[in-house]
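The figures here come from the full heavy-atom set of this structure, side chains too, leaving out hydrogens, waters and symmetry mates. Sequence lines set the chain letters: A, B, ... in the order given, protein chains first and strands last, and positions in each chain run from 1.
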Amino acid sequence: MNSLQCELPLAITSHKDRDTFTHVIYDYYKESGRDLPWRQTRNPYHIFVSEFMLQQTQVERVLKKYGHFILMFPDFETLHRASLLRVLSFWSGLGYNRRCIYMKRCAQIIYTLHGGALPDSVDTLSRLPGIGRATASALVTFSYDRPTVFIETNIRRVFLHFFFGQGERVPDAELLTCVEKTLDRSSPRIWYYALMDYGTMLKKFRENPNIRSKSYKKQPPFEGSNRQVRGKVLKVLVAEPHLSENEIALRTKTQSHRVGKVLSELEKEGFI
DNA sequence: TTCCGGCCCT
DNA sequence: AGGGCCGGAA
């Protein structure tokens with residue numbers, strides 16, 4: 001069964017429609033589910049690393065970094081004890097470098113307060129730095145195969161596509177209700193893998209349904225932005241930590257007052 | 001040039 | 001509630 005064989009939108013209130021939905025998703029997964037390295041492990045630390053990397057970075061790019069990273073930093077203790085600069089050097093290329101700081105702070109807390117074992121409660125995980133509802137839930141479900149309710153971008157796309165037809169500015173709360181009502185509680189890990197794979201497929205051959213989400217926002221241009229300068233400055237700094245402001249400006253071809261601004265921001269955030 | 005993505009801070 | 005963060009693919 002595929003999505004072209006059922007009338008859309010499906011009604012979340014209809015048992016028959018929910019059943020159809022389940023079959024469409026699982027049939028696609030059986031045929032075309034992705035075999036990703038962080039799906040082959042039950043090691044909560046490995047899953048923790050993958051979830052942080054996948055927060056704002058596409059699978060293809062994470063694939064190039066994940067294996068090497070967990071080899072270099074094999075557990076929470078190693079990550080906690082490593083210098084931030086060294087962790088950043090293996091992170092470099094993934095973007096959103098603040099995630100490195102959050103990861104290290106998580107590692108410290110998990111090592112010192114939780115005996116090096118990833119907590120198994122969504123509430124506890126949500127209180128850790130850099131971990132919000134989606135990541136906390138994903139960690140519990142993928143590490144411990146326990147049913148939780150969450151959405152990320154692929155899941156959001158799937159539910160908008162099947163249950164919200166032409167709906168505009170759909171709030172996440174409504175999508176979460178659908179996720180909860182269709183969750184396969186007997187096999188949550190596989191169910192969420194299947195949802196995400198279907199969502200990835202959906203975006204390949206039709207307009208992205210996520211623009212109909214209330215949380216969708218158009219981004220400001222990257223070229224010339226402060227984010228771009230930050231990225232360049234940090235990259236240079238990771239390679240040569242002791243460069244002066246003027247040297248950094250020269251190497252990044254950026255006005256030194258912009259470099260100075262970025263440096264003080266990075267310092268405030270704990271990068272240097 | 002446009003697009004994507006979850007968390008934190010304001 | 002809204003803005004900022006990254007780098008690479010399309």
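- Counting only N and O atoms by type, the side chains of A/Q58 and A/R61 include a donor and acceptor under 3.5 Å apart.
- Taking atom CD of A/E60 as the reference point, atom P of C/dG7 lies 18 Å away to the nearest angstrom.
- The CG atom of A/L88 sits 16 Å away from the P atom of C/dC5 (whole-angstrom rounding).
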Contacts table for residues 69-76 of chain A: side-chain donor-acceptor under 3.5 angstrom, sequence neighbours left out:
unit_1	atom_1	unit_2	atom_2	d
A/D75	OD1	A/E77	N	3.4
A/D75	OD1	A/T78	N	2.8
A/D75	OD1	A/T78	OG1	2.6

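- When the side-chain nitrogen and oxygen atoms of A/N226 are compared with OP1 and OP2 of C/dG4, none of them lie within a distance under 4.0 Å.
- Between the CZ atom of A/R230 and the C1' atom of C/dG4 there is a distance of 8 Å, given to the nearest Å.
- Pairs of residues two or more places apart, or lying in two chains, that qualify as side chain to side chain donor-acceptor pair (under 3.5 Å) and include a residue from residues 167-180 of chain A are A/R156-A/D172, A/E180-A/R185.
- By the side chain to side chain donor-acceptor pair (under 3.5 Å) test, A/S50 pairs with no residue at all, sequence neighbours left out.
- In this structure, the CD1 atom of A/I101 is 14 Å from the P atom of C/dC5, given to the nearest Å.
- The one candidate from A/Y198, A/F150, A/Y26 that meets the ring pair (Phe, Tyr, Trp, His ring centres under 6.0 Å) condition with A/W191 is A/Y26.
- Counting to the nearest Å, the C1' atom of C/dC6 and the CE atom of A/M53 are 14 Å from each other.
- Looking at residues two or more places apart in sequence or on another chain, you find a ring-ring contact (aromatic ring centres under 6.0 Å, His included) between A/Y66 and A/W38.
- Atom C1' of nucleotide B/dC3 and atom CD of A/E207 are separated by 13 Å, given to the nearest angstrom.
- Look at NZ on A/K65: it is 13 Å from C1' on C/dC6, rounded to the nearest Å.
- Looking at residues 235-257 of chain A, you'll see that no heavy atom sits under 4.0 Å from any atom of DNA chain C.
- In this structure, the side chain to side chain donor-acceptor pair (under 3.5 Å) partners of A/T141, at least two apart in sequence or on a different chain, are A/T148.
- For residues 119-148 of chain A, the pairs satisfying ring pair (Phe, Tyr, Trp, His ring centres under 6.0 Å) are A/F142-A/Y193, with sequence neighbours left out.
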Exercise for review: Mark up nucleotides 4-10 of chain B, 5' to 3', with B wherever a protein heavy atom is under 4.0 angstrom from a base atom, S wherever such an atom reaches only the sugar-phosphate, and - elsewhere.
Suggested key: BBBSS--
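- The side chain to side chain contact (heavy atoms under 4.5 Å, CB included) test applied to A/S83 returns A/L85, A/R86, not counting sequence neighbours.
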